[in-house]
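Notes for the one structure printed next.
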Amino acid sequence: MRIKFPDNSAKEYEAGTTGLEIAGDISQGLARNSLIVRFNSELCDLTKPLYDDGSIEILTFRDEEGKKALRHSCSHLMACAVQKLYPGTRLGIGPSIEDGFYYDFNIPEFPGISVFKKIVAEMKKQVKENTPFIRKEMSFEEAVALFEQKGEKYKLELLEELRDAGESISVYSHGEFVDLCRGPHVPSTGYLKHFELLSTAGAYWRGDENNEMLTRIYGTVFDSPANLKEHLSMLEEAKKRDHRKLGQELELFIIGGDGGPGLTYWLPAGTIVREELENHWKKAHIKAGYQLVSTPHIAPVGLWKTSGHYDYYRDNMYFLSIDKGEYALKPMNFPGHIIIYKNSKRSYRELPMRLAELGMVYRYEKSGVLHGLMRVRGFTVDDGHIFCTEDQIVEEIQKVVRFALYFLNIFNFGYRIELSLMDPEDPGHYAGKPEEWRKVQLALAKALDEMGEAYRSVVGEAVFYGPKIDIKMKDALGRFWQGPTIQFDFNIPQRFNLTYVGNDGQEHRVFMVHRALYGSVERFIGNLIEHYAGNLPGWLAPHQVVILPITEYQLEKAEEVESILTSLDIRCAIDSRNETVAYRIREAETSKIPFMLIIGEREVESDSVALRIHIEGDRGSMKLDEAIEIVMVGCRRPELP
RNA sequence: GCUGGCGUAGCUCAACUGGUAGAGCAGCUGAUUUGUAAUCAGCAGGUUAGGGGUUCAAGUCCCUUCGCCAGCUCCA
């Protein structure tokens, strides 16, 4: 048979050769690292004998599919160990997930995380035995008989669905353990040396809250001890950077508790961070051709009935009655912007019209989903709405994408673009006609293509009123977060009958783009805190400079320095407490203050200061002017776009 | 919302099977006049989240409300 490789070269092999043998033919290293193969675009086990001509791709841990196979295989290994230690355990499902895998079980009397050691020991034993994973195809009836005999009721439920879908049935076994599984798997349990069990949690069978709750065990597995270790230390680091912890330590904000779950109280230091972010945002938006507006926090319910949000999101809104009317706390800002747009008859000469507002919105989030600043019930959307003609769509979208990337670049976030499309299987969820959707989705794709930005399309992620471009931002630990979102909307302009008069004197339908770059100011600050581990860049640092006179005899000089820095718009304070210098430096360091200016007798005599920079350490004495210059550079606000 | 866990001083945590709520840091007062990550001493700080119950006796056991944490479902 003739086998083609990804580089387009080809080679003859005897029929019945396996992917593993082909990998070994290429190099021993590849054979060692290979996990599964893609043969004629189908994923299969390395040990599967191949008989036909075709193209092959050997997949390792570097490939997403290879990683998945390794992780999924490990979930089988764990399931086997759990079932062995806790007879009577029924199996749910055990997929690979980003960064690991899990398996859902119904375990009678599971004692919890304390028994991880026992499970790990059993898994290690099986890794050592290096038992092969064996695939077996069988008829539906055979499979039912097999799992009935084992009492695996969940598997029987899954089987029913596979029958309805007309899929062929395969099972994988290693040793005594058998599981219904599509595969592929790595060749044997010996591949699974570098695993760790991480946590346990409850999870509904099939993710449905009406079903019974199973025990889910999370774990992860890597191809090498170094990669496993790196991942585990990343998890540790993430814990240290938790914005809730840092927010409390740095006295940035309070959230929940007596103040009400999901509600944020910004402390003075946190308010400075907010203000800086918001001020820069405002300046940048004005420069980019936006007009700032401001709209109320409540609005009559009729507005949300017209927009369609009442029908879609009523359960997540807060209502109040005023006089004889019903009002709602705004869950979004755009109706206010629509009212502003409709304030007068609009001409094509005014378009594109870009309105922007840092608007606080309130959404009822279920109590269990609240999470620090990342998920709250009241938050500030840095909202912008662009009203434009059809011809302007592509250019406006591109401008917004560039603007969004400008913001991410300020903070050194990486990014990944997703184009969220409608789900053609579920047209009822979306407002508007499918052909309109198709047209607009193509326009968004065109906008990205022209810019040369890579993106991936995600079907079914669109908002009900239109497709969107989501930019996920990547932080210093490599984690992705919800970032800027650019939502096209051809629906709401119709509902609100938004028009403009064209140069032909006729009224035309206007098009609308919703966009947020920080997303939520609250969540964005949460992201920044974790991204920078609390060491915010100078311009955002609540306290930028602390001045430390060594004794009270240098207090006068310190006050002089303070007044110079204050006049230069630097946030500084003197710490002249009756404590040792070491004590006060320690406090400034733990408060993550970027700059410390220490003034002793020597400095007073020579009009200099000793500069110490947070984390870096002592920079020694220098002329005051020189130190001020370093501070000014370190606290400089970002350039406008 | 669901399942599970947790709630002790401003913060971090002690208090064996029910038996007098304690420490460090922070705070306040005083001494010390300090040269690059914690000077010393003293003082004060609590309805053990709220409510109810069992008991001679409850931080500890039971019920309940609230809040927090993890995960699930959800996230315009």
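Treat the numbers as computed from the prediction; the structure is a model and nothing was measured. Lettering of chains follows the sequences in order, A, B, ..., and the numbering in each one begins at 1.
No cation-pi contact links R71(A) to F101(A), judged by a cut-off of 6.0 Å to the six-membered ring centre and 45° from its axis. A cation-pi contact links R416(A) to F480(A), judged by a cut-off of 6.0 Å to the six-membered ring centre and 45° from its axis.
Residues M622(A) and I630(A) come closest through the heavy atom pair SD-CD1, 3.8 Å.
Contacts of T590(A) with the nucleic acid, taken as non-hydrogen atoms under 4.0 Å apart, include base atoms. Backbone-only contact: Q248(A) has heavy atoms under 4.0 Å from sugar-phosphate atoms and none from a base. As judged by a 4.0 angstrom heavy-atom cut-off over every strand, E579(A) is placed among the base-contacting residues. At the heavy-atom level, G617(A) lies nowhere under 4.0 Å from the strands shown. Backbone-only engagement by G257(A) is indicated by non-hydrogen atom pairs under 4.0 Å involving sugar-phosphate atoms exclusively. Nucleic acid contact for D258(A): none, since no nucleic acid atom lies under 4.0 Å from a heavy atom of the residue. Residue contacts for Y465(A): at a heavy-atom cut-off of 4.0 Å it reaches the sugar-phosphate backbone alone, with no base atom in range. Base contact: A610(A) has a heavy atom under 4.0 Å from a base atom.
OP1 or OP2 of A70(B) has at least one side-chain nitrogen or oxygen of R244(A) nearer than 4.0 Å. At least one side-chain nitrogen or oxygen of H371(A) sits closer than 4.0 Å to the OP1 or OP2 atom of A70(B). Within the structure, a side-chain polar atom (N or O) of Y583(A) is placed less than 4.0 Å from OP1 or OP2 of A26(B). Distances shorter than 4.0 Å separate none of the side-chain N or O atoms of T551(A) from OP1 or OP2 on U34(B).
Side-chain atoms of R612(A) come within donor-acceptor range of the base of A37(B), with a qualifying N/O pair under 3.5 Å. A donor-acceptor contact under 3.5 Å links the side chain of E603(A) to the base of G35(B).
Residues E552(A) and R363(A) each lie close to RNA chain B; by heavy-atom proximity, the contact nearer the 5' end of the strand is made by E552(A). Both V463(A) and G600(A) sit near RNA chain B, but only G600(A) has its closest nucleotide nearer the 5' end.
Which of A76(B), A37(B), U39(B) sits closest to the side chain of Q487(A) comes down to A76(B). Closest to the Y553(A) side chain, of the nucleotides U33(B), G35(B), C72(B), is U33(B). Here A76(B) is the nucleotide among U39(B), G67(B), A76(B) with the atom lying nearest to any side-chain atom of P331(A).
By the 5.5 Å and 30° criteria, Y313(A) is stacked with the base of A76(B).
Taking atom C1' in both G45(B) and A9(B), one finds a spacing of 6 Å when rounded to whole Å.
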